[in-house]
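Worksheet: one structure, shown below.
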Amino acid sequence: MSDSHSTEKSPIHWFDDPSQVPADVADWLMEMGSMTRRFEKQGVTVTVKPQNECFVSREELGESEAQQLPESARYWIREIVLFGDAQPWLLGRTVIPEETLTGPDLALVDLGTVPLGRYLFSGNNLSRDYIHLGQLHSEQGELWARRSRLRLSDKPLLLTEIFLPDSPVHRPQSQAEQE
Ligand SMILES: C=C(O[C@@H]1C=C(C(=O)O)C=C[C@H]1O)C(=O)O
């Protein structure tokens, strides 16, 4: 994912008060289950294309993300584009302290095209500390975003998701979807 797409390089405005987000958008952004599964319920095939996966230092994270995670010698970065059928629906950026990559969770560095949610929601050891709602000013217009700190067996990881114009988050809900 080029820098212009990287969520860390792009200034996302995080809302202090979720009520500043329209209710139909907040319904998506506050999704507590798997976003992959929620997208699939729209009747599309979800695929993921990794764009960048590597270890970085805390300094390379930038202040906004570093503040959300404990000190670590290095962090695994996974940046992806998620597609609903052939349409790009979401940019995902996951930051994982290497102390989280223990035991079976080391598999997180080998996900490839498997959606992160398939791994995260496969067990019963996932919790979510918070969801921040945000908006990104981009060349594609104002894009809705969210940032979650998740925990696998209490080990943290940070996930930022930017919802692209073709995603259902930006499309007014059809009557069928509301039923
Ligand atoms: C975290 C989930 O997985 C999705 C897939 C991602 C990936 O493969 O890196 C990243 C963001 C998510 O939208 C989810 O389904 O909730």
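Since we're looking at a predicted model, the values are computed, not measured. Remember, it's 1-based here, ligands and their atoms both numbered in the order they're listed. If you read the sequence from its start, that first residue is 1, and numbering goes on from there.
Close approach to Leu90 involves these atoms of ligand 1, each under 4.0 Å from a residue heavy atom: 13 (O). Listed by atom number, the atoms of ligand 1 under 4.0 Å from Pro115 heavy atoms are 8 (O). Within ligand 1, counting atoms from 1 as listed, the ones closer than 4.0 Å to a heavy atom of Phe121 are 16 (O). Against a heavy-atom cut-off of under 4.0 Å, Val48 is close to the following atoms of ligand 1: 8 (O). Less than 4.0 angstrom separates some heavy atom of Ser34 from each of these atoms of ligand 1: 14 (C), 15 (O), 16 (O).
A donor-acceptor contact closer than 3.5 angstrom links the side chains of Gln68 and Tyr130. In this model, a donor atom of one side chain and an acceptor atom of the other lie less than 3.5 Å apart for Arg128 and Ser148. Judged by distance alone, the side chains of Arg151 and Thr100 never bring a donor and an acceptor atom under 3.5 Å apart.
The nearest heavy-atom contact from the protein to atom 16 (O) of ligand 1 is Met35 N, 2.8 Å. Protein heavy atom closest to atom 11 (C) of ligand 1, with residue, atom name and distance, is Glu161 OE2, 3.6 Å.
At a 3.5 angstrom cut-off on N or O pairs, Arg78 counts as close to ligand 1. Checked against a 3.5 angstrom limit, the closest N/O atoms of Leu116 and ligand 1 fall inside it. Taking distance alone, with nitrogen or oxygen atoms compared against 3.5 Å, Gly117 approaches ligand 1 more closely than that limit.
Residue Thr36 touches ligand 1 through backbone and side chain together, judged by heavy-atom distances below 4.0 Å.
With respect to the salt-bridge test (charged N to carboxylate O, under 4.0 angstrom), the residues Glu31 and Arg146 do not qualify.
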(Q) One pair to check against side chain to side chain contact (heavy atoms under 4.5 Å, CB included): Phe163 and Leu29. What are the steps and the verdict? (A) CA-CA 9 Å; Phe163 297 85; Leu29 300 188; 3.4 Å; yes
